[in-house]
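A short worksheet on the structure shown next.
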Amino acid sequence: MVKVTAAAADLVRRTGDGLVVLIYHRVGATSSSAVDLPLGLFVEQMEELAATGSVVSLDDALTTLESGRGPDRPQLVITFDDGTGDFAELAVPVLERLGLPATLYLATEPIESGRPFCPGASSLSWGALADATSSGLVSVGSHTHGHVLLDRADAGTVADELDRSIGLIEDRLGLRPRHFAYPKALLGSPAAQAIIRARFASAAIAGTRANRYADADPYRLYRSPIQTSDGMRWFRRKVGGGMATEDDLRRLANRRRYAGTAT
Ligand SMILES: [Zn+2]
């Protein structure tokens with residue numbers, strides 16, 4: 001308990017000058033994916049965050065961010081990407097037990113068609129997601145319909161992708177998605193960015209750094225992806241707004257990896 005409290009105090013100190021937004025993808029370690037965390041590690045990370053008392057909803061964090069002044073207490077946001085079955089089965093019960101708010105950026109094509117988001121992942125259902133949102137802790141944002149990469153899609157495709165995802169989330173869950181996350185964290189073309197601004201209050205990329213209160217852009221919201229290999233040590237660095245070099249290297253590699261792909 002002393003260790004948890006001491007680490008919590010460190011976290012509170014380090015997140016003071018910027019908003020840190022974490023990205024999780026999957027929990028349960030049923031695949032070899034680097035972002036499919038063992039449940040035990042996820043629980044340990046969530047318990048440590050809960051002990052800091054710094055986790056707020058994305059809406060609350062953006063209200064503070066847009067005020068241009070740092071909060072009285074440091075704030076941190078938990079987000080998930082894509083929408084896989086383990087989110088409702090494993091992650092949400094942990095969030096609910098600890099009272100931690102989180103935002104899921106949902107790609108609506110997989111959940112609507114009933115197929116898993118990716119090979120090896122279990123499917124997320126609209127019913128399970130509706131249950132998850134009923135506590136008021138989980139909000140749902142858009143991650144396009146078909147997980148389309150918006151730096152290379154034409155304007156008509158971008159508008160269609162966003163409107164389909166918004167329409168489905170409204171229809172199936174009865175809530176309007178206010179926030180957006182770019183698939184693969186690839187910032188869209190200028191035309192795509194304008195289409196997003198017209199529909200959402202924020203848009204998230206990666207960056208693995210804090211959003212400084214003095215000059216943050218809610219339409220280029222930096223997030224820090226958590227990988228299994230972070231363990232607790234590098235997780236704490238990311239919670240403190242560190243590890244930006246990891247993102248620089250990731251973007252270099254992705255430029256080659258995603259060349260010629262559309263989703
Ligand atoms: Zn994604």
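Everything quoted here is computed from the prediction, not taken from an experiment. As the structure lists them, so they are numbered: ligands from 1, and atoms in each ligand from 1.
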When you check the space around the Zn ion (ligand 1), which protein N, O or S atoms turn up under 2.8 Å? D82 OD1, H143 NE2, H147 NE2
Residues D248 and R209 bridged, charged N to O under 4.0 Å: yes
Hey, could you give me the OG/CH2 distance between S229 and W234, rounded to the nearest 0.5 Å? 10.5 Å
Between the side chains of E109 and R164, is the shortest nitrogen-to-carboxylate-oxygen separation below 4.0 Å, so that they form an ion pair? no
Taking 4.0 angstrom as the limit, do E246 and R237 come out as a salt bridge? no
Among all residues two or more places apart in sequence or in another chain, which pass the ring pair (Phe, Tyr, Trp, His ring centres under 6.0 Å) test with Y182? F180
Do the charged groups of D230 and R236 touch, with an N to O distance under 4.0 Å? no
